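Here the structure comes first, spelled out in structure tokens, and everything after it is commentary.
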Amino acid sequence: VQDGYTLVITGQKVTKVPLNGPGCDHFTSCGQCVSAPRLMSCGWCSNRCVRKMECVTGVWTQEACPPIIHKVAPSSAPLEGGTRLTICGWNFALHGSSAVGLRKTVVQIGQNQCKLEMKSSSENKLVCVVPRASGSHLNITGSVSNGKGTTEFASFAYVDPAIAGISPSFGPKSGGTLLTLTGKYLNSGQSREVSIGANKCAIKRVSESTLECNTPPQALASEYPVRIKIDSSIREAGVNFMYKVDPNVLEIQPAKSFLSGGSSITVHGKHLNSVSVPRMVITVPQINKNDSVSPYC
């Protein structure tokens, strides 16, 4: 009876309608396939929607689809682990986004399990904490399993961030110096924080080998250690940043000049060399014009 037909006669035309529906090939995705009415007897097998007797290779299922991974971020983490890894895609849970649906979901990074954060995870997004690694490993194969299928990804790496140098090495204690850190894997992990002493250096730009930040103010003119924290890992620069007494301008000569410019200006004061890249800006309110004077003036 399952493979029988119903004959529908309309005038001179006879239509043969299968008792168990029109077949399964028109369901092109796993989600559509397992959601089909049960009377159609459709199931997912080897990336096709077929009936059970048509599943020659692979596992036939009507319950769940294998995970589909769209994006993994970040793509690398420090050796110490602790990085929160986010995986976006579909079919991560068997029965919706509840903790019950995710209880069979497992994320592997190499041979180690990435601990799932149930409250932050759902059917379409997984958040897990990356475990510690024994050494640097590039192109690690990870996987997501929902209890019915497993999908791999090969876009993750364990790296060892390092600071090779800082520039400039000094600035005024009022802060605001654009500090450049050079090194490797400075953009690894999910979050990063640069500190000079106990104060944070506001990050402006970051790449794999360069990080720029604006130095914070300090109460005392002195040397302070520079470090970067990437997730749970901390790396020291190995050299200190020197805070100097703020410059104090006492006199500018001459006090007047032509609007067309061209005059040499001499500045007298104290601690003028506290700034690594000194600049003087002359504002002329009448014509709203800013003239930047070269550092050698």
Side-chain angles (χ1 to χ4, degrees), residues 1-75 84-131 140-156:
V1 177
Q2 183 178 3
D3 295 326
Y5 294 89
T6 298
L7 298 179
V8 179
I9 302 174
T10 53
Q12 300 296 320
K13 183 179 180 181
V14 178
T15 304
K16 191 164 61 171
V17 180
L19 292 177
N20 55 359
C24 305
D25 289 341
H26 59 288
F27 295 122
T28 57
S29 70
C30 180
Q32 293 174 336
C33 184
V34 299
S35 300
R38 281 293 184 259
L39 65 88
M40 298 182 68
S41 302
C42 294
W44 193 253
C45 173
S46 300
N47 294 321
R48 289 182 58 219
C49 190
V50 296
R51 295 193 174 101
K52 191 171 185 178
M53 71 283 294
E54 299 170 322
C55 181
V56 180
T57 60
V59 178
W60 184 83
T61 179
Q62 289 182 307
E63 296 181 24
C65 300
I68 298 174
I69 298 174
H70 172 65
K71 182 180 180 182
V72 178
S75 59
R84 295 176 79 245
L85 186 70
T86 300
I87 304 173
C88 298
W90 301 271
N91 308 327
F92 292 151
L94 286 181
H95 306 290
S97 300
S98 65
V100 175
L102 290 166
R103 65 185 177 183
K104 291 188 177 181
T105 303
V106 177
V107 179
Q108 290 283 131
I109 303 295
Q111 300 300 317
N112 300 316
Q113 186 169 328
C114 191
K115 186 177 180 181
L116 204 62
E117 292 185 353
M118 292 294 185
K119 291 184 178 180
S120 303
S121 299
S122 67
E123 184 182 9
N124 299 322
K125 184 181 79 169
L126 298 178
V127 179
C128 64
V129 180
V130 173
I140 296 176
T141 298
S143 66
V144 177
S145 173
N146 63 3
K148 287 293 182 179
T150 300
T151 302
E152 294 185 344
F153 60 90
S155 56
F156 192 77

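Source: prediction; values computed, not measured. Only heavy atoms go into these numbers, but all of them, side chains included; no hydrogens, no water, no symmetry mates.
Among Val106, Val107, Val144, the one residue that satisfies the side-chain contact (heavy atoms from CB on, under 4.5 Å) test with Cys128 is Val107. Checking Ile69, Asn124, Val127 one by one against Ile87, the side-chain contact (heavy atoms from CB on, under 4.5 Å) holds for a single residue, Ile69.
Between Val50 and Cys45 the shortest heavy-atom distance is CG2-CB, 3.9 Å. In this structure, Phe27 and Ala36 approach most closely via the heavy-atom pair CE1-CB, 3.5 Å. Nearest approach of Ser155 to Val72, heavy atoms of both residues: OG-CB, 4.1 Å.
For the pair Gln62 and Arg38, the minimum side-chain heavy-atom distance is below 4.5 Å. Using a 4.5 Å cut-off on side-chain heavy atoms (C-beta onward), Ser120 and Arg84 make contact. Residues Asp25 and Arg48 are in side-chain contact: their nearest non-hydrogen atoms beyond the backbone lie under 4.5 Å apart.
We find the CE-CG distance between Met118 and Leu126 to be 9.5 Å, quoted to the nearest 0.5 Å. Of the inter-residue distances, the one linking Cys24 atom SG with Gln32 atom CD reads 12.0 Å to the nearest 0.5 angstrom. The CZ atom of Phe153 sits 9.5 Å away from atom CD of Gln108, with the distance rounded to the nearest 0.5 Å. Distance check, rounded to the nearest 0.5 Å: CE of Met53 to OG of Ser41 gives 7.0 Å. Annotation: the span from Cys114 atom SG to Leu85 atom CG amounts to 5.0 Å, rounded to 0.5 Å. Between the CD atom of Glu117 and the CG atom of Leu102 there is a distance of 12.5 Å, given to the nearest 0.5 Å.
Under the 3.5 Å distance criterion, the side-chain polar atoms of Asn91 are matched with a main-chain donor or acceptor of Pro66. A donor-acceptor pair under 3.5 Å is absent between the side-chain atoms of Trp90 and the main chain of Cys65, judged by distance alone. At least one donor-acceptor pair under 3.5 Å links the side chain of Arg51 to the backbone N or O of Met40. When atom types are taken as modelled, the side chain of Thr61 and the backbone of Trp44 share no donor-acceptor pair closer than 3.5 angstrom. A donor-acceptor contact shorter than 3.5 Å is absent between the side chain of Ser143 and the backbone of Thr150.
Between Cys42 and Cys33, the two SG sulfurs stay at or beyond 2.5 Å from each other.
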